[in-house]
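Just so it is clear: chains get the letters A, B, ... in the order the sequence lines come, proteins before strands, and each one is counted from 1.
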Amino acid sequence: MLLGPNGSGKSTLIRCLGTALRPHHGTVHLGGHNLWEERAALRSRIAYLGHQPHLYDDLSGPENLSVWARLGGYTPDIPALLARVGLDPDRRDPVRTFSAGMRRRLALARILLKSPNLVLLDEPFTALDPAGRLLLMEVIRSLQDSGATLLMATHHPSVARQVCGSALILDAGKVVYSGAIDGMPESVMGAS
Amino acid sequence: MLRQTLHMLGKEMLTEWRQRARISGVFWFAFAIVLMVAFATPNSAVLPQVAGGTLWLGLLLASTRSLDQSYAVELEHGAMEGLMLWPVDPIAIYYGKALANTLVLVLVAFALLPLVIAIFDAPVVGNPLNLIVIVLLGCMALAAPGTLYGLITSQARGSSVLLPLLLFPLVVPAVLAAANATTKVFEGDPMEQVPSWLALLTAFDIIFWSLSGIAYGKLLED
């Protein structure tokens, strides 16, 4: 898990790993590949759930997933995918009528269209109700079971520790802690 | 890439269909310009002579609204970033969007054309089939650089001002060619100038439909 105060660089780091941002300095490698240089090939292996849901407001949930699936060349079972994130597969209302939490769930379904090796989640619990959080944890566990690596930026370390094995704490763009969650400063866990 | 381009075009047309009010807004904007020019022309005898120019003036000004709106959809929930991070060829994104923008402009042009002919009392002496070719090539000429510049200006403040500032100087040759060719179809073409204007439009389209596709990928990443 990735922790740190607001403005510490968590989202920037996640966006660099997700190839949404080109690093100003240095290089990022994923599985021995230079991430930026080989981004076109690597993007199919990276799932990124950021602050924006990456959805089309005028399309329904199934239409959104169908559009993204066709563009990526995926052939998923869309009703099953919607049911997996707790959305009604028969609902045909446009996304603009969805609550923030429902959009978040649909955005989660969107990244599940891929079979990612690296899952990047930036504040994934935002806007989710308790049931949504539980569901997200289940989805994360299933992704981990399938062999995916997870990096989650969060302000809820006590929740995230259920699925994360190690922690990275940033402050003003610098790494101030890197290691096991159990060895994290108490102030960090207490702050949550 | 062709498959992705067609899927991108399908997505664009689906979102356009869901926001039909947007296309009608573009049409009414163009129609208002046509009406204003018709009422502002003091001598009704010259109306047929300015019909072609007015049609393309209306389409040019309305195209900026259409292009601007096509990117507003992508920015609402970060869908443009989503496209960039999805395994989709940026060239396919460009051609899908450019084809969709062309189709929207062609629809508006064909809706506007009979109204212009009626209001300006344009006789259509030349070959009417040429009009179809001119509209297609002219709309392609607006859409190709417009889709590219739409991307550049979409995230800028005052994008609706910036887009015409960048686009208009660039498409002047195409708009002049389309307007002149349309006028020749309306009034007759004894000197057979229409093929030359069509050749200019075709050359413009070939250049911008090839170069913009290449430039789009680089701009999307930056």
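A side chain to side chain contact (heavy atoms under 4.5 Å, CB included) with A/R70 is found for one member of B/H7, B/M8, B/R3 and no other, namely B/H7.
For B/R18 against A/D58, the heavy-atom pair with the smallest separation is CG-O, 3.5 Å.
Considering only heavy-atom pairs separated by less than 4.5 Å from chain B, the leading option among A/G73, A/A40, A/S66, A/P53 is A/P53. Considering only heavy-atom pairs separated by less than 4.5 Å from chain B, the leading option among A/H51, A/R45, A/R96, A/E63 is A/E63. Options A/T19, A/D57, A/V67 differ in how many heavy-atom pairs under 4.5 Å they form with chain B, and the most are formed by A/D57.
For a residue to count as touching a neighbouring chain, one of its non-hydrogen atoms must lie under 4.5 Å from one of that chain's; by this rule A/L113 touches chain B with the side chain only. Both the backbone and the side chain of B/Q4 come within contact range of chain A, each with at least one heavy atom under 4.5 Å from a heavy atom of that chain.
Using a 4.5 Å cut-off between non-hydrogen atoms, the part of residues 65-92 of chain B that approaches chain A consists of B/V73, B/E74, B/E76, B/H77, B/G78, B/A79, B/E81, B/G82, B/L83, B/M84, B/L85, B/W86, B/P87, B/V88.
B/I117 is linked by a side chain to side chain contact (heavy atoms under 4.5 Å, CB included) to B/L113, B/V124, B/F186, counting only residues two or more places apart in sequence or in another chain.
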- In sequence, state the C-alpha distance, the side-chain angles, and the governing distance for B/K11 and A/W68, and then conclude on side-chain contact (heavy atoms from CB on, under 4.5 Å). CA-CA 9 Å; B/K11 186 276 290 177; A/W68 288 107; over 6 Å; no
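No more than 12 heavy atoms of other residues, nucleotides or ligands lie within 6.0 Å of CD in B/Q155, so this atom counts as exposed by the packing criterion. Other residues, nucleotides and ligands contribute at most 12 non-hydrogen atoms within 6.0 Å of the CZ atom of B/R157.
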